[in-house]
Amino acid sequence: MDTSKNENQSLSIPPIWKNELTITQQQAVSSLKGPLLILAGAGSGKTRVLTYRIVNLLLQGEATQEQILAVTFTNKAAGEMRNRITNMLGELNIPISYNLWINTFHAFCVKVLKEHIHFLGFKSPFTIYDGSDQQSLIKKCLKKLNIDEKVYPAKNFRFLISEAKSLTKDPLKVRKWLEDNAYEDIVVTVYDEYKKECEKNNALDFGDLLLKTYELFLAQPDVLAKYQNQFKFILIDEYQDTNAIQYGLIKLLAKKSQSICAVGDEDQSIYAWRGSDITNILNFEKDFANCKTVKLEENFRSSKNIVKAASHVISNNSNRNEKHIFSSKEDGEQISLMSNLNEFQEARFLSQAIKYRYNNNGTSYEDIAVFYRTHAQSRVLEEQLRLARIPYQIIGGIKFYERKEIKDLLCYLRLCNNPADDVALKRIINSPVRGIGKTTVEKIENIATDNNISMMKAINKILNEKLLGQGPLKKIDSFFFLMQGLIQSAQSSSVLVLLLDTIDATKYEEVLRKDQTPEAKVRLDNILEFKQSVENFEQHNTEDSTLQNFLESTALLSDTDQLETSDQISLMTIHSAKGLEYKEVFLVGCEEGLLPHVRTGDENISDEDIEEERRLTYVAITRAKEKLFLSYAKTRKTWGYDTEQKKISRFIEEIPEEYIKKESALAFW
């Protein structure tokens, strides 16, 4: 049933909202009970609708604040939704509770696991491993299993293990999943060993947060019932991006109330490579009986020319719901199409165009974004931007919390929080340098493995039983004494005081000051920034500013959560651009082989692959509000050596000529 066609239905919303919401938005906000699918086209105000819908549930007395669960995919989106709701409730003089469950999937699962993880044999607090921690632990497993990492790279196992978890598969189920795969036995062996190491370290990786919650709900019906009874209303943002395990969690949680609202757009489903399943949104009406559907088709973000161009492109996909996306804005500028001889001319062309727009159109740098299909494309672009003295930031590069000095200090804090965290201990046992060499670390690790204990307990055993020579014993005794002092400090100190104690006890800053190199100065500046971030955390989390919560908040950060807002352009892959918007967008590398990112004529390329690449193009186009530049090269070097002839992307050729203006470099001098 498509309720968007019924404009005369009774709408249970405050009268003033009728001036703030369109008819279809009002229908989405007022359809409170039962399953609801909101098909929200690009720029159609879905966050606004979700926000008003949550507040309306409270206004109509359908639920209290702790009975509503809203789940989205980024901390930024969750934070924005939480702030809007808080402001609206304040304006309505409704007391604000701190029990609002507005989270990412991972953050929601952390909340559940903190209370119930003992059912799965873990303790709270537990450590959350990021990608680099996961890879370090897999390398340890490979070494223990005598598997040559040069033949079987750790990153391959990391990918397969993460993919298996997204499909709800533990090691026992992986064998059937990989049936007839040449590496079936070795993957199962490594996965099983990795799982044991995580359990020994009392640690979960990102995939575990969801998988363990799913396993918990299946194994403990009373725990599941608790949350089924608590959440009378469930709202899921970006439903088209859900994978198998997220879908499973949603189905379990919504089974009792059936009051689930899914918001999404299958035309923006671009994460199949990491497990998202477009059929989840396409089959929503079948999964939930008596489902209502509302289509949000007005784009409030982009000019008519941009919206029409995007609509022409995406209309060539067959696996989608029919929608008529339109804009009430002006036609706006035509889309500029720039042809270049090669990637070097493309980069020069781009920097000239950006400089011209900045100097002549009053466009600030922060209003401009450059999108590309692969990270490798950024190098040539960066060179020209630096030559043109155009400030820029790269989204998806090395994150702040992955920089060496920050990761080191985080690992000290992690070890204080969870002394069983071998990955953290191994990283910082000799950082700053304290003369504990590789051989000594290997002996500690071997004793830990032989006795099935943590490395911290192994150090204690070595010291008590004097299992090493006098020199190594003295050095690890000093480290052990240092850590015991910090672990004790963590019991009563704030996070900031613990961080300052750690820096002081390890002499981390002192070592960097003695270095006096430019790199050391940058590292010291980063540590200062880290101190400020901890201080900000404590100021904004007065109710629960524990070490565990701080470590969780840093572990769950994504690339776009760390976007800077100073006057610089943003460079990123199209995947990173999802959910963002800019006044002006440059999409480079619009060629066959890059967009779509497949080789023309490859017989293994499926229609589904091409449709996903077309959706990716659609997402890129619809990030632009006022101006869109499309750029392609006639030749491009591949792998840094071979120069290939290139053809313009089929997706660009799907845009009618009336929306396109072909540009030359002379236009931007």
Side-chain angles (χ1 to χ4, degrees), residues 37-44 46 73 163 166-167 238-244 246-247 262-287 293 295-297 299 302 306-325 335 371-374 573-579 585 587-624 628 630 632 646-656 659:
L37 174 62
I38 302 175
L39 294 173
S44 61
K46 67 181 178 62
F73 275 80
E163 186 179 13
S166 75
L167 296 170
E238 305 286 9
Y239 195 77
Q240 77 281 350
D241 292 332
T242 53
N243 60 24
Q246 291 159 344
Y247 175 77
V263 184
D265 178 12
E266 75 286 349
D267 289 339
Q268 297 182 69
S269 178
I270 59 173
Y271 296 116
W273 54 276
R274 71 181 188 196
S276 69
D277 187 350
I278 193 173
T279 61
N280 290 348
I281 191 168
L282 294 174
N283 293 336
F284 185 86
E285 292 164 302
K286 296 177 184 176
D287 288 336
T293 300
K295 295 180 181 180
L296 304 181
E297 297 174 305
N299 181 309
S302 306
I306 292 171
V307 169
K308 288 178 179 177
S311 296
H312 275 283
V313 173
I314 201 63
S315 66
N316 290 281
N317 272 8
S318 57
N319 208 15
R320 62 189 295 263
N321 289 295
E322 189 60 40
K323 293 186 290 294
H324 173 64
I325 305 300
I335 296 165
F371 302 155
Y372 35 77
R373 180 63 179 83
T374 67
T573 64
I574 306 172
H575 284 101
S576 296
K578 180 74 185 305
V585 166
L587 176 58
V588 300
C590 297
E591 305 136 27
E592 292 290 303
L594 275 177
L595 200 66
H597 192 226
V598 295
R599 292 193 177 275
T600 305
D602 190 333
E603 295 179 358
N604 295 320
I605 301 305
S606 66
D607 290 342
E608 288 80 7
D609 291 332
I610 295 298
E611 292 210 352
E612 171 120 347
E613 292 288 314
R614 186 178 281 110
R615 291 194 292 270
L616 197 58
T617 307
Y618 176 78
V619 166
I621 292 172
T622 54
R623 299 311 94 195
L628 175 65
L630 304 173
Y632 69 99
K646 291 291 184 179
K647 290 171 57 180
I648 189 170
S649 168
R650 70 190 75 181
F651 305 142
I652 305 307
E653 292 189 319
E654 290 169 355
I655 301 175
Y659 304 118

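Listed here is the closest heavy atom pair of Asn243 and Gly275: CB-O, 3.1 Å. Of all heavy-atom pairs between Thr622 and Val619, the closest is OG1-O, 3.2 Å. Scanning all heavy atoms of the two residues, the minimum distance from Ala620 to Val585 falls at O-CG1, 4.2 Å. Residue Ile281 comes nearest to Gly264 through the heavy atom pair CD1-C, 3.6 Å, listed as atom of the first residue, atom of the second, then distance.
Looking at heavy atoms from C-beta onward, Val263 lies out of side-chain contact with Glu238 at the 4.5 angstrom threshold. No side-chain heavy atom of Lys647 sits under 4.5 Å from any side-chain heavy atom of Tyr632. Side-chain contact between Lys46 and Ile38: absent, with no pair of heavy atoms (C-beta onward) separated by less than 4.5 Å.
The CD atom of Glu266 sits 8.0 Å away from atom CD of Gln240, with the distance rounded to the nearest 0.5 Å. How far CG of Asn321 is from CG of Leu39: 5.0 Å, rounded to the nearest 0.5 Å. A distance of 10.0 Å separates NE2 of His597 from CD1 of Ile605, quoted to the nearest 0.5 Å. Interatomic distance, CZ of Phe73 versus OG of Ser276, reported as 8.0 Å (0.5 Å rounding). Interatomic distance, Ile314 CD1 to Tyr618 OH, rounded to the nearest 0.5 Å: 6.5 Å. The distance from atom OH of Tyr659 to atom CD1 of Ile306, rounded to the nearest 0.5 Å, is 12.5 Å.
In terms of the salt bridge (charged side-chain N to carboxylate O under 4.0 Å, His left out) criterion, residue partners of Glu654 (sequence neighbours excluded) are, by chain and number, Arg614. Scanning for ring pair (Phe, Tyr, Trp, His ring centres under 6.0 Å) contacts around Phe284 gives Tyr239, Phe288, with sequence neighbours left out. With sequence neighbours excluded, the residues satisfying salt bridge (charged side-chain N to carboxylate O under 4.0 Å, His left out) with Asp267 are Arg320, Lys323. Considering only residues two or more places apart in sequence or on other chains, Thr279 meets the side-chain hydrogen bond (donor to acceptor under 3.5 Å, both in side chains) condition with Asp277. In terms of the salt bridge (charged side-chain N to carboxylate O under 4.0 Å, His left out) criterion, residue partners of Glu613 (sequence neighbours excluded) are, by chain and number, Arg373. For Lys308, there are no salt bridge (charged side-chain N to carboxylate O under 4.0 Å, His left out) partners, not counting sequence neighbours.
Put simply, the side chain of Gln268 never gets that close to the backbone of Asp265: no donor and acceptor are under 3.5 Å apart. Side-chain atoms of Ser649 come within 3.5 Å of backbone N or O of Leu595 as a donor-acceptor pair. Using modelled atom types, one side-chain atom of Lys295 and one backbone atom of Glu322 make a donor-acceptor pair closer than 3.5 Å. No donor-acceptor distance shorter than 3.5 angstrom exists from the side chain of Asn283 to the backbone of Lys286, with no hydrogens or angles considered.
For the side-chain contact (heavy atoms from CB on, under 4.5 Å) with Ile574, the lone residue among Thr374, Ile621, Thr617, Leu587 that qualifies is Leu587. Checking Asp287, Asp241, Thr242 one by one against Asn280, the side-chain hydrogen bond (donor to acceptor under 3.5 Å, both in side chains) holds for a single residue, Thr242.
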Do Leu594 and Val588 pass the side-chain contact (heavy atoms from CB on, under 4.5 Å) test, and can you show the C-alpha distance, the side-chain angles, and the key distance before you say yes or no?
CA-CA 10 Å; Leu594 275 177; Val588 300; over 6 Å; no
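Glu612 and Ser269 share no side-chain donor-acceptor pair at under 3.5 Å. Ser318 and Glu611 form a side-chain donor-acceptor contact under 3.5 Å, judged by distance and modelled atom types alone. Side-chain polar atoms of Asn319 and Glu608 form no donor-acceptor pair below 3.5 angstrom.
Under a 4.0 Å N-O distance rule, the pair Arg650/Glu592 qualifies as a salt bridge.
A cation-pi arrangement, defined by a distance under 6.0 Å to the six-membered ring centre and an angle within 45 degrees of its axis, is present between Arg274 and Tyr271.
Taking the six-membered ring where tryptophan is involved, the planes of His575 and Trp273 are perpendicular, since the angle between them exceeds 60° and thus also 30°.
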